[in-house]
Undergrad: 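Quick one: this structure, given as structure tokens, is what I'll be asking you about.
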Number of protein chains: 2
Amino acid sequence: MENVLKPMDAEQLRENAHKMVDFIADYYKNIESFPVLSQVQPGYLRKLLPDSAPNHPEQFEDVLNDIQAKILPGVTHWQSPDYFAYFPSNSSTAGFLGEMLSAGLNIVGFSWVTSPAATELEVIVLDWLAKLLKLPEDFLSLGQGGGVIQGTASEAVLVVLLAARDKFLRRYGKNSLAKLVAYASNQAHASLQKACQIAGIHAENCRFLETDSSTNYALSPDILQEAISKDIAAGLIPFFLSATVGTTSSTAVDPLFELGKIAKGNNIWFHIDAAYAGSACICPEYRHYIDGVETADSFNMNAHKWFLTNFDCSVLWVKDRSALIQSLSTNPEYLRNKASQGNMVVDYKDWQIPLGRRFRSLKLWMVLRLYGLENLQCYIRSHIEYAKHFEELVSLDQRFEIVAPRTFSLVCFRLISPHNDDDFCNKLNHDLLDAVNSTGKIFLSHTVLSGKYILRFVVGTPLTEERHVNAAWKVLHDEATKLLGRGSAN
Amino acid sequence: MENVLKPMDAEQLRENAHKMVDFIADYYKNIESFPVLSQVQPGYLRKLLPDSAPNHPEQFEDVLNDIQAKILPGVTHWQSPDYFAYFPSNSSTAGFLGEMLSAGLNIVGFSWVTSPAATELEVIVLDWLAKLLKLPEDFLSLGQGGGVIQGTASEAVLVVLLAARDKFLRRYGKNSLAKLVAYASNQAHASLQKACQIAGIHAENCRFLETDSSTNYALSPDILQEAISKDIAAGLIPFFLSATVGTTSSTAVDPLFELGKIAKGNNIWFHIDAAYAGSACICPEYRHYIDGVETADSFNMNAHKWFLTNFDCSVLWVKDRSALIQSLSTNPEYLRNKASQGNMVVDYKDWQIPLGRRFRSLKLWMVLRLYGLENLQCYIRSHIEYAKHFEELVSLDQRFEIVAPRTFSLVCFRLISPHNDDDFCNKLNHDLLDAVNSTGKIFLSHTVLSGKYILRFVVGTPLTEERHVNAAWKVLHDEATKLLGRGSAN
């Protein structure tokens, strides 16, 4: 057993990790020099890497060089200040430090006993965040509820859907699965559809209810009530409603209070997906968007989106944790221990799909402590100000129109077709998006609302300043001018 | 907008991250000074932290001090060389550097376009690892198959169970869910039971088939064939078989080739869970334990267990990726893009439960490159040698017995009762476990096999050397002596 590898030598870790810190800090220093959207072609990396793993160790410097030369060209830079696509995925110094520590300790916190601090810090920090959001006390850990960090909003909606499903199957018998009906607007995130597929909810029992510009793409309580009544009359069993605060396409806000009343009246599990916009609700002036959350059974926001906590950190609160646990617990002999058997502790393995879990509360704790509430509010407000500013720039150019009201930091807009032709207009905006993204200077994404192809401009990265928004507008303006010919319309 | 927070300032990141590197390197330097199993009481942390998040920023030094004083006492040190519980969760310098870089870039690689390098490196590195394991070519990316990194083995078994379920529902109609039957031994990991719950497989259709010491707790092909025949005769539909290579309780190895033949003969999806033991199969002398993998539809191993890749990194290969994609894909407008629509690329969002995903292939790539195959083989072999050594120490003490054959690096053993009384003997071993873990010097876990309470001693942390195994034996020996009174039996 000579020459045994020493894969965790403290001094080698120290030496190489210091180099990696400098690599990452330099990356941020130079981040504006990269094309935001990677410009590589499919299959590019296969040509650059060997066909198999090496037999013998390689040098760390060679790996770092490869990252620079081969990996970074294939990275789409979510942290670039010129990134305005999808929703943001915030990195921050605090979030990064938390990830480092979590990777360093490398514990697997499935049960309390496997690292009590991991479970207890999560319980505490999610109570902190619930208080910042002024969530009702029912969601805090003291009573029957509590918070848990999931990987993503997809997992959050899946676990509550399963809890609701099983509650209803216990009541109506397990053969009633085919009768269960879930409701949301057609603006709800695709993760709900996926959760239904996974949970075995029949596709024809998933009601993604029509929305349009008359409600700014929010779900109409009347349409919901009508759908529920019709399903009940048909012998079906309504069991789950998901409302969205800040839809992906246009940040529409469903009317929580009225929807919640209907859900309660029909004894349906009421989930709120505030994955993106939840973060804004730490500001008093935006908190009213989640008024009505007191009628909900579960509430989710992604701290990894717009709350400076590195991916992944999706925060879910429930009022009745026992419903989750009844669906998701297993209790094999090899994991039994005194604290769990005595019901003295939270075992988060029973609140989620996987068994293992990382120490993710560290990064959220560090974000809250190193920045503090006032700075975090200021951060959110600055992005919304920049989005307002962008909205004004678009509004001043008569070639463009704003397509849906801006509520948070997303602006939905498009070029107006000179020919008043829908298909042509859609093609025009598709081509504009392609043109601006191909410059590598900025990255935007798109959606379709009522058949209209629309550009989405989201302000949300930690490095974005007003000058980046101005520069982005210039790229859009210039590419539109090229596309339209002379740009005489401006 | 004065005093706007600068949460991602490259120089502040550099300064603080260097401090965190030193904190983590010092942690490893001093790791043996901590009690391996945290000795705190439930609720300890609530007493040490404030009730709410601060309004104003706090100093990084204060947070570091709190981590030292308040968090570390609540950590169970999975990386301690004196950790012998459950299965290991390896940290390494390479794995840690990969995690740092992934957290630094902080991309969300759901589709190819959102960071082509993330998808392409994963495809390449999983082909590399498949070759090290000498998996059949069907599992490589070139044909219809391919590999994907899941968070945990729980998610791996869930996604293939869903793929199998939906394949059968497409064939037999969606109302045949109640007829679907899944098979595994009663030694299969609890994650299979959980996956069945999630997928809506009826509990009475989950066959966890009896095993005993006559097969060393491996699943008997005869028992499987009998169960399948009986179910078919009863009008049920066998659809899924999970075999384990290295069960959690005793590292039993199911007979893959014979089980696979039965699965094929009955057209059942055949999954292999080699979460722990898969890593050993990079050594030619252990590769035979997965002979028969060519009959499987899917194969899973956790690189985060015993392969030096920091948690989480569970590697799943399938022969027919389209089955996964048919179950798990969604295609909302706001994620459409040229590369995806043109079927030119892999979009891993359709191979997993969540939408978002981290750049996890970086750490596996760095492990393979910075260590190389020969070192990794040597690493595995050294742990198995230490486990053999521990087995000898136990065997030499007549107060103890080895309860199941040691195949990899797990030793299952127990104190023999002086009174030949089963309950007393179980209590005795329970008390011994409690006593050794309470010393804080080592951490072991337990299981129950055929009604016997058994201690599990797993060698698997990167820092464990022979002297730690000797010291662990001394603790066990001494606590046994205390417990038995005089220890004259030795």
Side-chain angles (χ1 to χ4, degrees), chain A residues 4-5 7-8 10 13-14 17 20-21 24-25 28-29 40 42 45 53-58 71 74-76 78 89 91-93 97 99-100 103-104 106-108 115-117 120 128 152 154 190 194 200 308 330 332-334 344-345 354-356 368-369 372-373 375 379 382 447-448 462, chain B residues 4-5 7-8 10 13-14 17 20-21 24-25 28-29 40 42 45 53-58 71 74-76 78 89 91-93 97 99-100 103-104 106-108 115-117 120 128 152 154 190 194 200 308 330 332-334 344-345 354-356 368-369 372-373 375 379 382 447-448 462:
Chain A
V4 172
L5 177 70
M8 186 36 94
L13 173 84
R14 193 190 309 270
M20 186 58 95
V21 167
I24 293 169
Y28 279 99
K29 213 166 77 178
V40 299
L45 191 57
N55 280 322
H56 300 289
E58 299 183 35
I71 300 297
V75 168
T76 292
W78 287 64
S89 172
S91 182
S92 70
T93 297
L97 295 170
E99 274 288 358
M100 277 181 75
N106 204 42
I107 60 95
V108 188
S115 265
E120 297 202 9
W128 283 14
T152 61
S154 304
K194 187 158 173 170
L308 293 170
T330 56
E333 181 62 45
Y334 48 78
M344 298 149 74
V345 295
L355 173 59
L368 290 169
R369 290 190 63 180
L373 174 60
N375 267 324
Y379 175 70
S382 69
T447 192
V448 169
Chain B
V4 172
L5 178 67
M8 186 34 93
L13 174 83
R14 193 189 308 271
M20 186 59 94
V21 167
I24 293 169
Y28 279 98
K29 213 167 76 179
V40 300
L45 191 57
N55 280 322
H56 300 290
E58 299 184 34
I71 300 296
V75 168
T76 292
W78 286 64
S89 172
S91 184
S92 71
T93 296
L97 294 170
E99 273 289 358
M100 276 182 75
N106 204 42
I107 60 96
V108 188
S115 265
E120 298 202 8
W128 284 12
T152 60
S154 305
K194 187 159 173 169
L308 294 170
T330 56
E333 180 62 45
Y334 47 79
M344 300 149 73
V345 294
L355 173 59
L368 290 169
R369 291 191 63 180
L373 174 61
N375 267 323
Y379 175 70
S382 70
T447 193
V448 169

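Residue numbers begin at 1 in each chain, while the letters A, B, ... track the order of the sequences. Values below: every heavy atom of this structure, side chains too, minus hydrogens, waters and symmetry copies. Everything numeric here is computed off the predicted structure, so don't read it as measured data.
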Undergrad: Counting heavy-atom pairs under 4.5 Å with chain B, which one of H56(A), E58(A), K29(A), M20(A) comes out on top?
TA: E58(A)
Undergrad: So which of L355(B), V75(B), L45(B) has the biggest tally of heavy-atom pairs under 4.5 Å with chain A?
TA: L45(B)
Undergrad: Measuring heavy-atom distances to chain A, does T330(B) have an atom under 4.5 Å in its side chain, in its backbone, in both, or in neither?
TA: side chain
Undergrad: Considering only heavy atoms, which portion of E120(B) lies under 4.5 Å from any heavy atom of chain A: side chain, backbone, both, or neither?
TA: both
Undergrad: Drop me the distance from L373(A)'s CG to N55(B)'s CG, to the nearest 0.5 angstrom.
TA: 5.0 Å
Undergrad: So which of L368(B), V448(B), V40(B), L97(B) has the largest heavy-atom pair count under 4.5 angstrom toward chain A?
TA: L97(B)
Undergrad: Is there a donor-acceptor pair closer than 3.5 Å between any side-chain N or O of N106(A) and the backbone N or O of W78(B)?
TA: no
Undergrad: Pick whichever of P462(A), S91(A), G200(A) has the most heavy-atom pairs under 4.5 Å with chain B.
TA: S91(A)
Undergrad: Select one option (side chain, backbone, both, neither) describing which atoms of S154(A) are under 4.5 Å from chain B's heavy atoms.
TA: side chain
Undergrad: With heavy-atom distances below 4.5 Å as the criterion, would you say the side chains of L308(A) and M8(B) are in contact?
TA: no
Undergrad: What residues form a side chain to side chain contact (heavy atoms under 4.5 Å, CB included) with P354(A), not counting sequence neighbours?
TA: Q352(A), T152(B), E155(B)
Undergrad: Is there side-chain contact between T93(B) and P7(A), with at least one heavy-atom pair below 4.5 Å?
TA: no
Undergrad: Which residues pass the side chain to side chain contact (heavy atoms under 4.5 Å, CB included) test with P42(A), sequence neighbours left out?
TA: W112(B), M344(B), V345(B)
Undergrad: As an exercise: rank S89(A), S92(A), P332(A), P54(A) by heavy-atom pairs under 4.5 Å with chain B and give me the winner.
TA: P54(A)
Undergrad: Work out which heavy atom in L13(B) is nearest to a heavy atom in A25(A); give both atom names and the distance.
TA: CD2-CA, 3.9 Å
Undergrad: Which one, A17(B), A103(B), A53(B), leads in non-hydrogen pairs under 4.5 Å with chain A?
TA: A53(B)
Undergrad: Heavy atoms only, distances under 4.5 angstrom: which of A190(B), S115(B), G356(B) has the most pairs with chain A? Name it, please.
TA: S115(B)
